[in-house]
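Worksheet: the structure to be examined is printed underneath.
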Number of protein chains: 2
Amino acid sequence: MAEDRLSPVFSALADPTRRAILARLADGDATVGELAEPFAISLPAISRHLKVLEHAGLITRSRSAQWRTSSLEAAPLAEATAWMERYRRFWDANLDRLDAHLRRVQQAARAHENHEGKPS
Amino acid sequence: MAEDRLSPVFSALADPTRRAILARLADGDATVGELAEPFAISLPAISRHLKVLEHAGLITRSRSAQWRTSSLEAAPLAEATAWMERYRRFWDANLDRLDAHLRRVQQAARAHENHEGKPS
DNA sequence: GCCGCACTTAACCAACTAGCTAATTAACCG
DNA sequence: CGGTTAATTAGCTAGTTGGTTAAGTGCGGC
């Protein structure tokens, strides 16, 4: 699982501070100081959150004089949603009954091919 | 951030084993043993992955005799995608130029209201 | 009633994470 | 050059994660 690009993305999104940073960057690029301002945590902490986001491919960074500006990079989010899309049918109300039906059929098929007395 | 329902979901999805378990459950309910079978890790390890998924609301569990069956629960995935949807415009090719334009405008506005010599 | 199966809990370990303060790098400004 | 500003790196701590093996629980079958 070394070439797994999805895990760092979900892992990055698991932190509320990092999600807030992404939300802020959706309004435009920002420096580390600007990004840190709304939070009650130290600058080094923000700096490392940014490193996590960069490693996940969710931001790119550039320097100009003594300022490092971060830019939102949404491509990994597209991959992440693509993965989740496979489950959309499980929460789409219109397909709920069809879905439940299909799952029951598939389970019956599995239970049939290896009938070991396992529960339905 | 105690009442944050999104973080446990993203955190659960950050592990490839857990994503594989969800993928398996999309084909129908399964017992712990069935879920463990494709992996080279111990049963207790699977058991704890399931606990993480359950805590995130991504599965529900029921017992029947000595078997515990897990069922996929996709509602939290709907919440997670809803959060990501806010960024769809950033990767949708058709909107890329409009988007870049809007961000530039917003940045210009910010730079104007507090002109401290910060970079564009 | 106790044997075995399916699974969980307990106890432990190594690696990682998120936070801190202090020190360092890098660039501009006077 | 020396000081200030912006940010990173270093070194620490505490808590979490993901794995292990060994022991415990709960149920059905002989």
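Just so it is clear: chains get the letters A, B, ... in the order the sequence lines come, proteins before strands, and each one is counted from 1. Values below: all heavy atoms of this structure, side chains included; hydrogens, waters and symmetry mates excluded.
- The side chain of B:Thr31 contributes no N or O atom lying less than 4.0 Å from OP1 or OP2 of C:dA6.
- B:Phe10 places its CZ atom 18 Å from the P atom of C:dT17, with the value rounded to the nearest Å.
- Remark: the B:Thr31 side chain and the B:Thr69 side chain contain no N/O donor-acceptor pair separated by less than 3.5 Å.
- Using a 3.5 Å distance cut-off with no hydrogens or angles, the side chains of A:Ser7 and B:Arg19 do pair a donor with an acceptor.
- Applying the 4.0 Å criterion to OP1 and OP2 of C:dG19, one finds that A:Ser42 has every side-chain N and O outside that range.
- In terms of phosphate contacts, B:Ser47 brings a side-chain nitrogen or oxygen within less than 4.0 Å of OP1 or OP2 of C:dT8.
- Following rounding to the nearest Å, B:Leu43 (CG) and C:dA10 (P) show an atom-to-atom distance of 17 Å.
- Relative to the side chain of A:Pro44, the nucleotides C:dA6, D:dT21, D:dT9 differ in distance, and D:dT9 lies closest.
- To the nearest angstrom, P of C:dG19 lies 10 Å from CZ of A:Phe39.
- B:Asp15 places its CG atom 14 Å from the P atom of C:dC16, with the value rounded to the nearest Å.
- When each of D:dG19, C:dA18, C:dT8 is scored by its nearest atom to the side-chain atoms of B:Thr17, the top-ranked nucleotide is D:dG19.
- When rounded to the nearest whole Å, the span between CD1 of B:Ile21 and C1' of D:dG18 equals 12 Å.
- Atom CH2 in A:Trp67 sits about 8 Å away from atom C1' in D:dA6, given to the nearest Å.
- Remark: B:Glu85 engages B:Arg88 in a salt bridge, criterion side-chain N to carboxylate O under 4.0 Å.
- Separating the CD1 atom of A:Ile46 from the C1' atom of C:dC20 is a distance of 13 Å, rounded to the nearest angstrom.
- Residues A:Leu22 and A:Leu13 have side chains in contact (heavy-atom distance under 4.5 Å, counting atoms from C-beta outward).
- In this structure, B:Arg68 places its CZ atom 13 Å from C1' of D:dG28, rounding to the nearest Å.
- At least one side-chain heavy atom of A:Leu35 sits less than 4.5 Å from a side-chain heavy atom of A:Leu25.
- Comparing atom distances between the B:Gln66 side chain and each of C:dG4, D:dT5, D:dG19 picks out C:dG4 as nearest.
- Nearest to the side chain of B:Ala45, among D:dG19, C:dA27, C:dC20, sits D:dG19.
- For A:Ala23, the side-chain contact (heavy atoms from CB on, under 4.5 Å) criterion is met by B:Arg86, B:Tyr87, not counting sequence neighbours.
- Contacts between residues 48-63 of chain A and DNA chain C, defined by a heavy-atom separation below 4.0 Å, involve A:Arg48, A:His49, A:Arg63, listed by number.
- Residues A:Arg24 and A:Asp29 share a closest heavy-atom pair of NH2-O, 4.1 Å.
- Between A:Arg18 and A:Ala65, the residue anchored closer to the 5' end of DNA chain C is A:Arg18, taking for each the nucleotide with the nearest heavy atom.
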